[in-house]
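Okay, structure first, notes after.
Sequence lines set the chain letters: A, B, ... in the order given, protein chains first and strands last, and positions in each chain run from 1.
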Amino acid sequence: MPELPEVETTRRGLLPHVAGRRIEHVRLRRADLRWPIPRQVEDLLPGQRIDAIRRRAKYLLLDTAAGSALLHLGMSGSLRVLPSDTPLRAHDHVDLALEDGRVLRFNDPRRFGCLLWQAPGTLHPLLAGLGPEPLEDGFDGDYLFARSRGRSAPVKAFLMDQAVVVGVGNIYATEALFRAGISPLRAAGKVSRERYAALAREVKAILAHAIARGGTTLRDFLSPDGAPGYFEQELLAYGRGGQPCPRCGRALKQASIGQRTTAWCAHCQR
DNA sequence: CTCTTAACCTGGACGC
DNA sequence: TGCGTCCAGGTTAAGA
């Protein structure tokens with residue numbers, strides 16, 4: 001269930017259990033994820049101390065002196081810290097065994113996720129060309145306005161383009177456009193500066209709020225079944241096609257935009 | 001460049 | 001109960 005707030009919640013949940021710990025060994029059960037897990041993960045990671053856990057876009061980086069493990073959770077991935085004798089479940093592909101008798105376990109049923117390697121002082125190609133972080137200052141309405149001029153793709157596809165801004169997936173793009181009153185079908189280049197200012201504000205607000213809500217589940221991070229479903233009841237448009245618009249009561253439309261299901265109000269969103 | 005489409009993979013929900 | 005179909009929170013790669 002990973003969009004940016006879920007990845008950030010994972011990072012914050014792992015931090016106290018993993019940062020500063022040494023990795024004793026690496027156990028790969030399946031290496032054929034989105035891309036093959038490279039040799040460096042097995043060859044270089046054992047013995048290394050995890051100095052920090054960073055997030056860039058929806059990627060997590062476990063930093064060590066030898067290099068960084070670069071993780072993406074894809075559509076269905078999750079990371080948990082567990083006692084090393086915890087029974088395996090289906091799709092438990094990787095364990096990083098820590099010195100304290102626990103394991104950082106990577107589970108991913110669909111295997112759209114990845115575990116790659118970034119050498120010290122280098123930037124992995126997947127991280128090059130990413131847009132700004134939505135919660136940082138470089139992301140605002142003026143930025144979106146400037147980037148969007150001349151672009152004919154629907155504003156929803158533009159907003160979900162990781163080269164434009166990272167971390168905004170299908171749920172939060174749908175929600176932010178609803179809250180900003182912008183039709184997801186409108187050409188990105190035809191949205192005004194003022195409306196992009198509103199959109200940037202909504203993106204920041206909804207992501208920050210979702211991260212804050214995710215935080216309430218952090219203390220359960222060690223339990224084997226702590227998937228946070230925190231945000232579902234607060235969604236106004238996502239998954240509500242055909243239901244009444246929370247603002248005007250007319251039925252929400254639902255259609256596929258850029259291959260992703262989108263719900264919106266044709267009356268409130270222009 | 002920009003835009004659109006197909007593809008990767010498994011599991012759950014639903015209809016018959 | 002079993003089986004076919006559709007759908008899912010992401011992203012890259014290929015083609016127009």
Between P of C:dT12 and NZ of A:Lys58, the distance in whole Å: 10 Å

Between the protein and nucleotides 5-9 of chain B, which nitrogen or oxygen pairs come in under 3.5 angstrom?
residue	atom	partner	partner atom	Å
B:dA6	N7	A:Gln259	NE2	3.3
B:dC9	O4'	A:Arg110	O	3.4
B:dC9	O3'	A:Arg111	NH2	2.6
B:dC9	O2	A:Arg110	NE	2.9

By side-chain contact (heavy atoms from CB on, under 4.5 Å) - contacts of A:Leu127 (at least two apart): A:Arg56, A:Tyr59, A:Leu61, A:Leu70, A:Gln118, A:Leu123, A:His124, A:Leu130

Touch class at under 4.0 angstrom, heavy-atom based, for A:Phe158 against every strand present: nothing

Below 4.0 Å: OP1/OP2 of C:dG9 and any side-chain N or O of A:Tyr238: yes

Heavy-atom check, side chain of A:Leu4 versus side chain of A:Val168, under 4.5 Å: no

Sugar-phosphate, base or nothing in reach of A:Arg151, heavy atoms under 4.0 Å: sugar-phosphate

Value in whole Å for how far the C1' atom of C:dT12 lies from CG of A:Leu127: 14 Å

Whole angstrom value for the distance that separates C1' of B:dT2 from CZ of A:Arg149: 15 Å

Length of the line joining A:Leu4:CG and C:dT11:P, which is rounded to integer Å: 10 Å

Under 4.0 angstrom between A:Arg260 side-chain N/O and C:dT11 OP1 or OP2: no

Inter- and intrachain pairs under ring pair (Phe, Tyr, Trp, His ring centres under 6.0 Å), touching residues 132-160 of chain A, at least two apart: none

Side-chain donor/acceptor of A:Gln48 to backbone N/O of A:Ala66, under 3.5 Å: yes

Rounded P spacing from B:dC9 to C:dA14 in Å: 16 Å

A:Thr261 side-chain N/O to C:dA8 phosphate OP1/OP2 under 4.0 Å: yes

Contacts of A:Arg240 that satisfy side-chain hydrogen bond (donor to acceptor under 3.5 Å, both in side chains) - sequence neighbours left out: A:Gln243

Set of side-chain contact (heavy atoms from CB on, under 4.5 Å) partners for A:Asp100, sequence neighbours left out: A:Arg21, A:Leu98, A:Arg102

Rounded interatomic separation in angstrom, taking CE from A:Met160 and P from B:dC3: 15 Å

Rounded interatomic separation in angstrom, taking CG from A:Asn170 and C1' from C:dC7: 12 Å

Nearest-angstrom distance from the residue atom CD1 of A:Ile171 to C1' of C:dT11: 16 Å

Nearest-angstrom distance, P atom, B:dA6 to C:dC6: 15 Å

Sugar-phosphate only, base, or nothing, as touched by A:Leu126 at under 4.0 Å among non-hydrogen atoms: sugar-phosphate

Listed partners of A:Glu24 passing side-chain contact (heavy atoms from CB on, under 4.5 Å), at least two apart: A:Glu99

Stems where DNA chain C pairs, listed by first number, each of three or more Watson-Crick or G-U pairs under 3.5 Å: B:2-8 with C:10-16, B:10-16 with C:2-8

With A:Ala19 via side-chain contact (heavy atoms from CB on, under 4.5 Å) - residues at least two apart: A:Leu15

Rounded interatomic separation in angstrom, taking CG from A:Asn107 and P from C:dG9: 19 Å

Stepwise salt bridge (charged side-chain N to carboxylate O under 4.0 Å, His left out) test for A:Arg27 and A:Glu42: CA-CA 8 Å; A:Arg27 182 158 296 141; A:Glu42 279 181 291; over 6 Å; no

Selection from B:dC3, C:dA8, C:dT11 that lies nearest to any side-chain heavy atom of A:Ala153: B:dC3

Side-chain N,O (A:His72) to OP1/OP2 (C:dT12) below 4.0 Å: no

With A:Arg149 via salt bridge (Lys or Arg N to Asp or Glu O under 4.0 Å) - residues at least two apart: none

